[in-house]
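For clarity, every value in this text was computed on a predicted model and none was experimentally measured. Note: hydrogens, waters and symmetry copies are ignored here, and every other heavy atom, side chains too, is used. Every chain is numbered from 1 and lettered A, B, ... according to where its sequence line falls, protein lines coming before strand lines.
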Number of protein chains: 2
Amino acid sequence: MTTAEENYLKAIYHLSEDGKKSVSTNDVAREMKTKPASVTDMLRKLGEKEMIEYRKYYGVHITEEGKRMALQTVRKHRLWEVFLVDKLNFAWDEVHEVAEELEHIQSPLLIQRLDAYLNYPKFDPHGDPIPDEFGDVKAKPRVALNEMEIDQMGQIVAVKDSSAAFLKYLDKVGAYIGARIKVLDKVDFDGSIEILVDQKKNLFMSKEVAINILVLQS
Amino acid sequence: MTTAEENYLKAIYHLSEDGKKSVSTNDVAREMKTKPASVTDMLRKLGEKEMIEYRKYYGVHITEEGKRMALQTVRKHRLWEVFLVDKLNFAWDEVHEVAEELEHIQSPLLIQRLDAYLNYPKFDPHGDPIPDEFGDVKAKPRVALNEMEIDQMGQIVAVKDSSAAFLKYLDKVGAYIGARIKVLDKVDFDGSIEILVDQKKNLFMSKEVAINILVLQS
DNA sequence: ATATTATTTTAGATATAGCTAAATTATTTT
DNA sequence: AAAATAATTTAGCTATATCTAAAATAATAT
């Protein structure tokens, strides 16, 4: 698998995730920021390698083997993100580009060792679960608070920004890890949000804050 | 700079190191494990970018700019090697291939952070000095004991294998860090070596041991 | 000084991954 | 059901990086 093939397969996997049966050439072109004509070529190639089922003019389905490969790439990407944030002090929103390169390093041993070194993390810094070496994802995905809709409920499970300043702020307003929350209101204009904490306390926060709070939805 | 260009430039830099005025097409082809015809194309390209001075049929000289670029790649390669050995517990002779891939990741911030995280190391696990971010190499290169010639002298400055077993062995035979040594004899057949430690103690060791001892030559 | 040998370059392929423009197929509208 | 529109594919081109075989040049030997 070349780097380009890995990237296409990952894109197709992500586009398939949202329950869509079939992914179109245009979908892939948009996601990959290339032209549909280039996508067609790659789909044929990935089809021949049986990573996807490709029927001309009718889009693609990812195969089990393709999914396995894509999940390996996702795993590597997310592990590197954890490394960059936990060890090299990158901010969670600075890591994507670099991880996009690092994920293509070919060395199973490296990933095995990295995983151990990071203490077998289950989530990346954005709250997305890290597949295990077999491609299994046990953990439920976490969602940034700013992405929840009105009336949705959940439990605060982690923060993306673990700076002293942010943790102090959270402590002050009573938004602790483990708190059960419900979205009361969202302001479209600035993305600020109002939530109910533990069924008793109303809390209003800016988008900047909400972005950094991870919720397990229920 | 593409990955291929970086690799060629690094090869030309290393081939220039040994005091050779001009590096030939064949030299580069051997080093890069490609055919001379492929090398010619790349030399023309690197010449146009003024990384090397290229005169057809007369080999190349690396320019100051080319040297600067090559040293950046060398720096990245060696920093990653330190990471792999110090943090991920790779053995010093297992890291080259992976570092060869990692060195091409494009992110100055990543390298800056990695350097800090590793505590600004001055040597890679093979004893080679790590250039600073400006390409300056202050430290003198270290040489593995098995690579020294008869009558050469120096001082033990580090070990490549820092396992308990190896350190215990060194302690037992009296080959401590800082010891002044002189090579008395080398056996071609098995690479074993006999040295004089601190002008008083004779010490015979196998090649496997000598490989793991780094000496600052004097 | 010329012929032989070795080295290097050129010319013409191949494979990957992208592009544009034109042609084809599918979908939607009337 | 035909026409219009949208999506997709094909054909042909570009750039990178490789190759082989043939031609050109440099170095060496006679």
Problem set entry | Nearest to side-chain heavy atoms of A:Tyr8, which nucleotide of C:dG18, C:dT20, C:dT9 |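 Comparing C:dG18, C:dT20, C:dT9 against the side chain of A:Tyr8, the answer is C:dG18.
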
Expressed as a whole number of angstroms, how long is the span from [X]:[atom1] to [N]:[atom2]?
{"X": "A:Arg44", "N": "D:dT10", "atom1": "CZ", "atom2": "P", "answer": "8 Å"}
{"X": "A:Asp41", "N": "D:dA15", "atom1": "CG", "atom2": "C1'", "answer": "15 Å"}
{"X": "B:Met1", "N": "D:dA17", "atom1": "CE", "atom2": "C1'", "answer": "15 Å"}
{"X": "B:Leu43", "N": "C:dT10", "atom1": "CG", "atom2": "P", "answer": "11 Å"}
{"X": "B:Lys45", "N": "D:dT18", "atom1": "NZ", "atom2": "P", "answer": "9 Å"}
{"X": "A:Met42", "N": "C:dC19", "atom1": "CE", "atom2": "C1'", "answer": "14 Å"}
{"X": "A:Leu46", "N": "C:dA17", "atom1": "CG", "atom2": "P", "answer": "9 Å"}
{"X": "A:Lys35", "N": "C:dC19", "atom1": "NZ", "atom2": "C1'", "answer": "9 Å"}

Exercise. Do the ring planes of B:His96 and B:His77 sit parallel (below 30°), tilted (30 to 60°) or perpendicular (above 60°)?
Worked result: tilted

Exercise. For B:Ala37, which contact category applies under a 4.0 Å heavy-atom criterion: base, sugar-phosphate, or nothing?
Worked result: base

State whether [X] places a side-chain N or O below 4.0 Å from either non-bridging phosphate oxygen (OP1 or OP2) of [N].
{"X": "B:Thr2", "N": "D:dA17", "answer": "yes"}
{"X": "A:Thr34", "N": "C:dA17", "answer": "no"}
{"X": "B:Ser38", "N": "D:dT18", "answer": "no"}

For this session: Indicate whether any N or O donor in one side chain lies under 3.5 Å from an N or O acceptor in the other, for B:Glu101 and A:Gln106.
Result: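 Note: B:Glu101 and A:Gln106 side chains miss the donor-acceptor criterion.
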
Is a side-chain N or O of [X] found less than 3.5 angstrom from the main chain of [Y], in a donor-acceptor match?
{"X": "A:Arg68", "Y": "A:Gly135", "answer": "no"}
{"X": "B:Ser107", "Y": "A:Val98", "answer": "no"}
{"X": "B:Asp27", "Y": "B:Ser24", "answer": "yes"}
{"X": "B:Ser38", "Y": "B:Thr34", "answer": "no"}
{"X": "B:Lys186", "Y": "B:Met148", "answer": "yes"}

Exercise. Residues two or more places apart in sequence or in another chain: which of them pass ring pair (Phe, Tyr, Trp, His ring centres under 6.0 Å) with B:His126?
Worked result: B:Trp92

Exercise. Is there a Watson-Crick or G-U wobble partner for C:dT29 with both distances under 3.5 Å, and which nucleotide is it?
Worked result: D:dA2

Exercise. For residues 53-61 of chain B, which residues have at least one heavy atom under 4.0 Å from DNA chain C?
Worked result: B:Tyr54, B:Lys56, B:Tyr57

For this session: Taking only heavy atoms on the protein side, list every residue of residues 25-33 of chain A lying under 4.0 Å from any atom of DNA chain D, sorted numerically.
Result: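 Close to the strand are A:Thr25, A:Asn26.
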
Exercise. Salt bridge (Lys or Arg N to Asp or Glu O under 4.0 Å) with B:Asp124: which of B:Arg75, B:Lys76, B:Lys160, B:Arg78?
Worked result: B:Arg78

